[in-house]
Chemist: 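My structure is below; once you've seen it, I'll send some questions.
Letters go in sequence order (proteins before strands), and every chain restarts at 1.
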Amino acid sequence: MNIPDPVPLYDRIYAVIRQIPPGKVAAYGMIARIVGRCTPRMVGYALAALRTGDKGVPWQRVVNSQGQLSLRGPEQREMLESEGVAFDAQGRIDLARFGWSGPDDAWLEAHGYDVLWFMQGK
DNA sequence: CTTCTGACGAAAT
DNA sequence: CATTTCGCCAGAA
């Protein structure tokens with residue numbers, strides 16, 4: 001189970017990204033897993049379709065699975081550093097330290113997710 | 001209606 | 001470590 005269809009996929013993706021707290025980052029694949037019926041690629045598409053500042057989506061907190069930034073690199077890095085996220089010598093983020101662990105139970109419940117289902121991974 | 005084109009990721013080779 | 005393959009949304013032309 002996950003969010004039912006009246007809500008467009010992109011909006012569901014944005015809703016999840018808005019849950020990432022300042023100072024944390026999440027990988028595309030993780031967003032996709034939380035959203036459900038979604039692939040990492042779709043998350044990239046959704047963000048590409050976004051304009052800076054649109055819908056209050058903190059796009060800078062979405063990085064690839066290796067903790068690296070993509071296209072808007074410099075600007076994104078600056079925004080993250082001002083939130084307290086650190087980069088190593090190779091420009092990567094230590095996901096063990098700054099990786100987001102997912103939305104809290106209250107949010108999942110409020111959006112119609114089965115928390116147990118989410119914890120189990122699928 | 002069709003075609004094109006993007007902020008990705010995991011597994012196989 | 002480098003490449004390839006597939007997954008299959010949404011807006012513009």
Side-chain angles (χ1 to χ4, degrees):
Chain A
M1 277 310 282
N2 50 52
I3 300 176
D5 255 324
V7 182
L9 175 63
Y10 282 18
D11 286 333
R12 303 202 317 262
I13 291 172
Y14 300 147
V16 172
I17 294 175
R18 275 193 286 262
Q19 299 307 306
I20 307 173
K24 292 287 183 181
V25 296
Y28 291 82
M30 175 176 217
I31 302 297
R33 210 173 65 241
I34 294 168
V35 170
R37 275 180 266 159
C38 180
T39 64
R41 187 174 196 177
M42 294 167 159
V43 175
Y45 287 159
L47 284 178
L50 205 58
R51 293 188 190 173
T52 310
D54 266 1
K55 308 185 183 193
V57 179
W59 57 268
Q60 74 275 20
R61 299 187 193 129
V62 183
V63 303
N64 73 25
S65 67
Q66 301 167 55
Q68 301 171 307
L69 305 183
S70 13
L71 283 189
R72 308 207 177 177
E75 182 189 2
Q76 184 175 10
R77 174 166 178 160
E78 202 171 324
M79 295 178 81
L80 290 174
E81 288 183 318
S82 71
E83 292 182 355
V85 176
F87 289 77
D88 65 20
Q90 327 197 15
R92 296 184 317 185
I93 296 168
D94 179 0
L95 293 181
R97 290 174 57 202
F98 301 105
W100 181 46
S101 17
D104 55 38
D105 291 359
W107 187 89
L108 291 172
E109 300 277 0
H111 290 265
Y113 286 88
D114 174 335
V115 176
L116 182 55
W117 166 85
F118 175 70
M119 297 299 276
Q120 291 172 343
K122 171 78 201 281

Chemist: How close or far is atom C1' of B/dG6 from atom CG of A/N64, stated in whole angstroms?
Modeler: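 It is 16 Å, rounded to the nearest whole Å.
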Chemist: Going by distance alone, is a donor N or O of one side chain under 3.5 Å from an acceptor N or O of the other, for A/R41 and A/Y45?
Modeler: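 The answer is yes; a qualifying pair exists.
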Chemist: Examine C/dC9: is either OP1 or OP2 under 4.0 Å from a nitrogen or oxygen in the side chain of A/T39? Give yes or no.
Modeler: no
Chemist: Figure out the CE/P separation between A/M42 and C/dC6, and round it to whole Å.
Modeler: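 A/M42 atom CE is separated from C/dC6 atom P by 16 Å.
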Chemist: I need the CG-P distance between A/L9 and C/dG11, as an integer number of Å.
Modeler: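 Roughly 11 Å, once rounded to whole Å.
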Chemist: Kindly confirm whether the side-chain ring of A/Y45 is stacked on the base of C/dC9, judged by centres under 5.5 Å and planes under 30°.
Modeler: yes
Chemist: So do the side chains of A/L69 and A/L80 get within less than 4.5 Å of each other, counting heavy atoms only?
Modeler: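 Result yes, sub-4.5 Å side-chain heavy-atom pair found.
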Chemist: For residues A/I17 and A/P58, report the shortest heavy-atom separation together with the two atoms involved.
Modeler: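 Scanning both residues, the minimum pair turns out to be O-CG, 3.4 Å.
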Chemist: Which whole-number value in Å describes the distance from A/I34 CD1 to B/dG9 C1'?
Modeler: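 In whole Å, B/dG9 C1' and A/I34 CD1 are 15 Å from each other.
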Chemist: Between C/dG7 atom P and A/R37 atom CZ, what is the distance in whole Å?
Modeler: 18 Å
Chemist: Measure CG/A/D11 against P/C/dC9 and give the value in whole Å, please.
Modeler: 15 Å
Chemist: Could you tell me how far apart A/R41 (CZ) and B/dC8 (P) are, to the nearest whole angstrom?
Modeler: 9 Å
Chemist: Specify the closest pair of heavy atoms between A/M79 and A/S82, including all atoms of both residues, with the distance to one decimal.
Modeler: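 Answer, listing the atom of A/M79 first, then A/S82: O-OG, 2.7 Å.
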Chemist: May I have the distance from A/Y10 (atom OH) to C/dA10 (atom C1'), rounded to whole angstrom?
Modeler: 5 Å
